[in-house]
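Have a look at the structure below, then the notes.
Counting convention: from 1, in listed order, for ligands and their atoms alike. Values in this document were obtained by computation on a predicted structure and should not be read as measured data.
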Amino acid sequence: MADGRGHGGPFGRAYMTEEEKANQPKITFALVKRVMSYLKPYVLQLLLVMVCILISSILKLLPSIITGKIVDEGLIGRNLRALVYYILASLLASFMGNLIGVAESYLNNWIAQHITYDMRNQMFRHLQRMSQRFFTNNNQGDIITRMTSDIAGVETVIASTFTSIISNIMTLTVALVAMFQRNYLLAIIGIIIVPLFTIPTRRAGKTRWTLTRESQACNDEINGILNETMSVSGQLLVKLFGKEEYEYERYSKANDKMVKLNIREKLAGRWFFVVLHTFTSIGPMLIYLVGGILMINHGANLTVGDITVMVALLGQMYMPVNSLLNIQVDWMRSMALFSRIFEYFDMEVEVKDPENPTNPNLRHGNIVFDHVHFSYDESKEILKDINFTLKNGDCIAIVGPSGSGKSTIINLIPRLYDVGSGRIKWNGIDIRNMSLNHLREGIGVVSQENYLFNGTIRENLLYAKPDATEEDMIEACKKANIYDFIEKQEKGLDAMVGNRGLKLSGGEKQRIAIARVLLKDPALFIFDEATSALDSISESRIQEAIEPIIETRTSILIAHRLSTILEADEILVVDDGRIVERGQHSELVKAGGVYQRLYETQFSKALVGDNEE
Ligand code: ADP
């Protein structure tokens, strides 16, 4: 088959799906200019690619043209020398053409890889600067798709679409010039029939594409079932509810559908080849017929070699024409890819690093919430006029019903979100004026959902302080009440924690998280007290670890246990986003408000349970 490249090949997607049509980007000059800006650093290499394409297109067509000489001068002229000479020339041209093709594809891929390398890094950087809101609102799968598939798509666009367009135009031009030089009439027949014969290709491609999409959907379904049932928690659910048979039925049904679709898809390919080959063989016959009539009846100035050349060139034209007919679709698809990626690049960084930061010493000075209002989205204000001062070295406990806004208050301090209005000051400086790194270095958070990486305990600890010594780690673990557990492990600090720390109990995870924060040694400790998931022994061990910290260090904690609350210098009672009461335990109990009700229902119980989900 002819040497055409690009998405327009027989199995390329020559059609835009409904979804693609609906999401067609508006192609503006600005968009094209922006795409070009990524190519700009590689202009020189791109020019070289074009030169390579030009030379290799000509060299690859030469054998077809030389065929004429082989027939006329070698075979019909019965000249052995000429025959051998032309055969060698033809082989050499083909060899050189392919050799330059290698150089071209090396350059091509080099450029594509470098551009996508730049893009990937830029994207990763950008995404890391996005606020927590972005990660809460966006599907993790979408983010990963954009990082991987979309950027990989761009790579294909640059490495193949772009060069295939140029190479196809070159091939066609050279072929047409060669044909017109021999005979106008035959050249015109060629121009007319080639595009006609690409029509069945397009039809068959469409059927096949529809089937491919169906089988992709089916594949997604199968993956979905596997994902749900083959995960640790999924299997647990299946086993505990005795759903093995049900899941098997579900899986085998999807599997069956897949088999049928696959058979149809493979067969569609076969039919397609029958049609394609029939049609492509009509072309040469037409040239033989018309050429023959011209030569025999009209005594046209045509040799057998000329007609052979025409037929050979015709064969080289199908793929480039087909591919060029799809340029518009390729172009749209490429632009859609770029604009999807740019959409992410254009998302504004919500929590910005200031340009000229002021970085005060965070180990001194108070933390002040000054008329802070906040909402996750416009519909509902979550925090309303929050005012309090956390003095250096003190501990504040925040209590309140579930959903009242306690975690939200805490999230504002490391600027996971920025305040809506009002300000948070630390040592007199608005935290928005400090560099994010400086601010976050000053804060250590132990939350209910402590994320441990799938690695060893040591690796998880070193994440907080890469240069920590063995002694530092042991000391932190002792303080966090986890060292006895580590000592019992065969591998000690090098024991694996499992995927997300799943090999550890909730309490052990929590204490490792405390050790990690102790290693970090921040100016401010934040604890979101874990409750419901822990038994009383685990709880008291955690309590033992936390107590010395809150006694001596600046700390703020969401408290559920009376013992912790009693340790705090001040208690803030939050209800529906407002601080409704504040003070010491004894005063608050007497006041007979929200706190007193919480005290009666929650804090005073020996085994503390949280009302949260
Ligand atoms: P608490 O810690 O007191 O249980 P939160 O601060 O977690 O309460 O939540 C306060 C309110 O904010 C709740 O109504 C909750 O539904 C809402 N909320 C929490 N996180 C988000 C979020 N990422 N997007 C939108 N709303 C949220």
Review point. Hey, is Gly400 one of the residues with a heavy atom under 4.0 angstrom from ligand 1?
Key: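 For ligand 1, residue contact (heavy atoms, under 4.0 Å) with Gly400 is absent.
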
Review point. Quick one: does Phe374 get a heavy atom under 4.0 Å from ligand 1?
Key: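 No, Phe374 has no heavy atom closer than 4.0 Å to ligand 1.
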
Can you tell which part of [X] has a heavy atom less than 4.0 Å from ligand 1: side chain, backbone, both or neither?
X      : value
Thr408 : both
Phe135 : neither
Arg133 : neither

Atom indices of ligand 1, in the order listed, that fall short of 4.0 Å to a heavy atom of [X]:
X      : result
Thr136 : 23 (N)
Lys380 : 14 (O)
Lys406 : 1 (P), 2 (O), 3 (O), 4 (O), 6 (O), 8 (O)
Ser402 : 4 (O)
Gly405 : 1 (P), 3 (O), 5 (P), 6 (O), 8 (O), 10 (C)
Tyr417 : 23 (N)

Under 4.0 Å between a Lys/Arg side-chain N and an Asp/Glu carboxylate O for [X] and [Y]?
X      : Y      : result
Glu350 : Arg415 : no
Arg578 : Asp575 : no
Asp394 : Arg553 : no
Arg432 : Asp353 : no
Lys257 : Glu221 : yes
Glu381 : Lys384 : no

Point to revise | Test item: Lys406 and Ile409 side chains (from C-beta on) under 4.5 Å apart, heavy atoms | key: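 A side-chain contact under 4.5 Å is absent here.
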
**Study point:** Approximate separation, where rounding is to 0.5 Å, of Tyr376 OH and Tyr417 OH
**Key:**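 It comes to 5.0 Å.
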
**Study point:** Rounded distance (nearest 0.5 Å) linking atom CD1 of Ile151 with atom CD1 of Ile341
**Key:**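 Taking CD1 in Ile151 and CD1 in Ile341, the distance rounds to 5.0 Å.
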
Practice item. Would you check whether Gly403 has a nitrogen or oxygen atom less than 3.5 angstrom from a nitrogen or oxygen atom of ligand 1? Key: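 Yes: some nitrogen or oxygen of Gly403 is under 3.5 Å from one in ligand 1.
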
Review point. Less than 3.5 Å between some nitrogen or oxygen of Ser407 and one of ligand 1, yes or no?
Key: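 Checking ligand 1 against Ser407, an N or O pair does fall under 3.5 Å apart.
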
